[in-house]
Number of protein chains: 2
Amino acid sequence: MAITIKEIAQKAGVSRGTVDRALNGRGGVSPEVERRILDIANLYGYKPNKLAKALATKANPSKIGLISIENIFFDQVIEGVIRAEEEISDFGVTVCRRMIRGYDAKSQLEAINSMVYQEKVDALAISPVSDRQVIARLAELAAEGFPIVNVNMDVPFSKKLAYVGCDYFKSGRTAAGLMGLITGERAQVGIISGCGNVMGHTQRVEGFMSVVKNEYPDIQVVDIADSYDDEQRSYDAVEAMLRQHPQIDALCFTTGGAGGGLKAAEALRGKRLRIVAFDQTPITERYLMDGLIKAIVCQQPNEQGYQAIRLLFEYLMEGERPASQQVLTELTIKIKQSMESESRGGAR
Amino acid sequence: MAITIKEIAQKAGVSRGTVDRALNGRGGVSPEVERRILDIANLYGYKPNKLAKALATKANPSKIGLISIENIFFDQVIEGVIRAEEEISDFGVTVCRRMIRGYDAKSQLEAINSMVYQEKVDALAISPVSDRQVIARLAELAAEGFPIVNVNMDVPFSKKLAYVGCDYFKSGRTAAGLMGLITGERAQVGIISGCGNVMGHTQRVEGFMSVVKNEYPDIQVVDIADSYDDEQRSYDAVEAMLRQHPQIDALCFTTGGAGGGLKAAEALRGKRLRIVAFDQTPITERYLMDGLIKAIVCQQPNEQGYQAIRLLFEYLMEGERPASQQVLTELTIKIKQSMESESRGGAR
DNA sequence: TTGAAAGCGCTAACAC
DNA sequence: GTGTTAGCGCTTTCAA
């Protein structure tokens, strides 16, 4: 059993109230006494009891804000957030969610301010776009000590609590590795990229190229097109690419939202193309089961949402910053058979 | 805010103690008063506060027993167990762990009894071998209402709380799917199976065969050998197999512990063989990075350990049985690039 | 600057 | 049968 405030108070020869003040930096404790208390707490590895704390602070419970993007991929992030919500609701901590349509900086700025000033949240989880003003605002808040976690999308500012998401560069490398495996390391590849102002998509392409360049002399990346995460534009991009480069026999889609592009690929070439894609969405899932896509490199959006909220919760409850500012979720690869849902059952 | 015991007591004109007795069916309450209390509780939708409950019962805390196998794979299960332990320690619940060398029924029986009678645990998580006596003992305990969760390995008895582990049949199917992808659906395959009395390994082989049979007319499974999860025997098995069937150009190892077999494969044929294996262990990891193994089908041992303990914890705290008796962890595929640890970093 | 004490919601031991 | 009371570990208010 861990040491309690009461025990520390005894050992230090002071009252519980004083220990509480010292431990939580509420001020009003003489430096000398504070030192003594902190030393004892440290020595015995004091960890506050979350339960007791939650019970005691039930009067003014904490609130976490979440600002995310409105689309099928982020729905999975939200699922994880909700899972975390259920776990922490017992502690009186609530989550206020806000979904934003598209990757719009203005709306994000508005949402941030609304969260802070209207909803008066105590912490923020956000999937920020790479926008100068958004970054500046987040940096400012973080500098004031406001806890912020970036989920799934990352932007640079030093005082953030953490980034929870995947390693996009590595996911690009993984896609290239898969491409090597399924093509016998010989292919003419076309890449269909996602949205320009989403940093992750760019990094995926870079990761992909790094492997092709260094490890697969017989794989050429013939063309790279941008789909702008739009149905029609991705259809057109793929159609144009395949017409212009008839030698292309493999495709890599760096975004899970390019249903149009996949449709074009199927229409023009059918299953002769070897296709690798990213992210499990209803679209990629369908084409994987269908056999058009051979493999998908997935992040774990559900886990990301869950971890982001948990991290903020731990911070609010115990004041503990995560061990690393980069909390990377594992990459997982899916193929048809690993996606199938039916089980033959095991022991009863 | 939900209604509390105190408030119910006021409304019913009785003491908190009486309400507690009535609500928890501890007896010693007159039927008439009990009715009144229950009605009020119902009317106002009383829900007990978990935190307060846990705090109050901290005096006689619960204890969960864990019986697992002593090897590198199960170390990962233990990691997850420890993660869960940390989370539930606030609730005063502890975990008593016991690792057993090998798949020995006798030792498992002893451990079970020791846990129940000496350690007096309130619940048990176990990775049971497929042994008649072990199953009988577990079934007996479960029938008495003792909560039992099977972790990673499953055996049949009806009253278990749950099995937490992967779908072995499906993992076999996934390995076959991978084999199809990396061989262009044309190969002569040898299978090196694991331990006979581990049900999962058998199911993996069956899953593998089911895909080959139905989907890959040009893949033949030439031979199946047993490695008994032993270094030397697996070396010998592979050596014999490759000598006897020179046409074999692909291998599937259904166990992550067969380092000897992999060594033999490398010695005799080098990287010309296309190899698929199961489970991330230091051995499979090394050979994957090395290029001998092309892909690994992983379960999530860490998650399995975590979930098993969480499930028992929830049951002990709230009396809630899991929604399904089969809690299946997702399969993940690893290739060289997705295993690499270095990141090029993203936003700071 | 420090201490004392009253709760948060629940359980359990003991008294009536 | 039922009421009373003392905690569980922490926060917070009010005195000193």
Could you state the [atom1]-[atom2] distance from [X] to [N], rounded to the nearest angstrom?
| X | N | atom1 | atom2 | value |
| --- | --- | --- | --- | --- |
| B:Ile3 | C:dC10 | CD1 | C1' | 15 Å |
| B:Leu55 | C:dG7 | CG | C1' | 13 Å |
| A:Tyr44 | D:dG9 | OH | P | 17 Å |
| B:Lys50 | C:dC10 | NZ | C1' | 15 Å |
| A:Ile5 | C:dA5 | CD1 | P | 18 Å |
| B:Ile8 | C:dT11 | CD1 | P | 11 Å |
| A:Arg36 | C:dT1 | CZ | P | 15 Å |
| A:Arg16 | C:dG7 | CZ | P | 14 Å |

- DNA chain D contacts made by residues 20-35 of chain B, counting heavy atoms under 4.0 Å: B:Arg21, B:Gly28, B:Val29, B:Ser30, B:Val33
- Item | Lys NZ or Arg CZ of A:Lys53 over A:Phe91 ring: under 6.0 Å, within 45° | no
- Query: Listed by chain and number, what are the salt bridge (Lys or Arg N to Asp or Glu O under 4.0 Å) partners of B:Asp20, not counting sequence neighbours?
  - Reply: B:Arg26
- Item | Upstream residue (5' side of DNA chain D) when B:Ala52 and B:Val14 are each assigned their closest nucleotide | B:Val14
- Task: Take A:Lys50 and A:Glu314 through the salt bridge (charged side-chain N to carboxylate O under 4.0 Å, His left out) test and state the conclusion after the steps.
- Result: CA-CA 9 Å; A:Lys50 262 193 279 197; A:Glu314 311 270 286; 3.3 Å; yes
- B:Phe91 near the nucleic acid: base, sugar-phosphate alone, or nothing, with a heavy-atom cut-off under 4.0 Å? nothing
- Nearest-nucleotide comparison on DNA chain C, the residue closer to the 5′ end among B:Leu51 and A:Thr18: A:Thr18
- Query: Can any side-chain N or O of B:Ser127 pair as donor or acceptor with the backbone N or O of B:Val151 at less than 3.5 Å?
  - Reply: yes
- Counting N and O atoms only, with roles assigned by atom type, does the side chain of A:Asn152 sit under 3.5 Å from a partner on the main chain of A:Gly165, one being a donor and the other an acceptor? no
Of the options [options], whose atoms approach the side-chain atoms of [X] most closely?
| X | options | answer |
| --- | --- | --- |
| A:Pro48 | C:dT11, D:dT11, D:dC10 | D:dC10 |
| A:Asn49 | D:dG9, C:dG3, C:dG9 | D:dG9 |
| B:Ser15 | D:dT11, C:dC10, D:dT4 | D:dT4 |
| A:Lys6 | C:dG9, D:dG3, D:dC8 | D:dC8 |

- Query: Closest heavy-atom contact between B:Ser62 and B:Asp122?
  - Reply: CA-OD2, 3.2 Å
- Message: My understanding is that only one of A:Gln300, A:Glu87, A:Glu85 makes a side chain to side chain donor-acceptor pair (under 3.5 Å) with A:Tyr306; could you say which?
- Response: A:Glu87
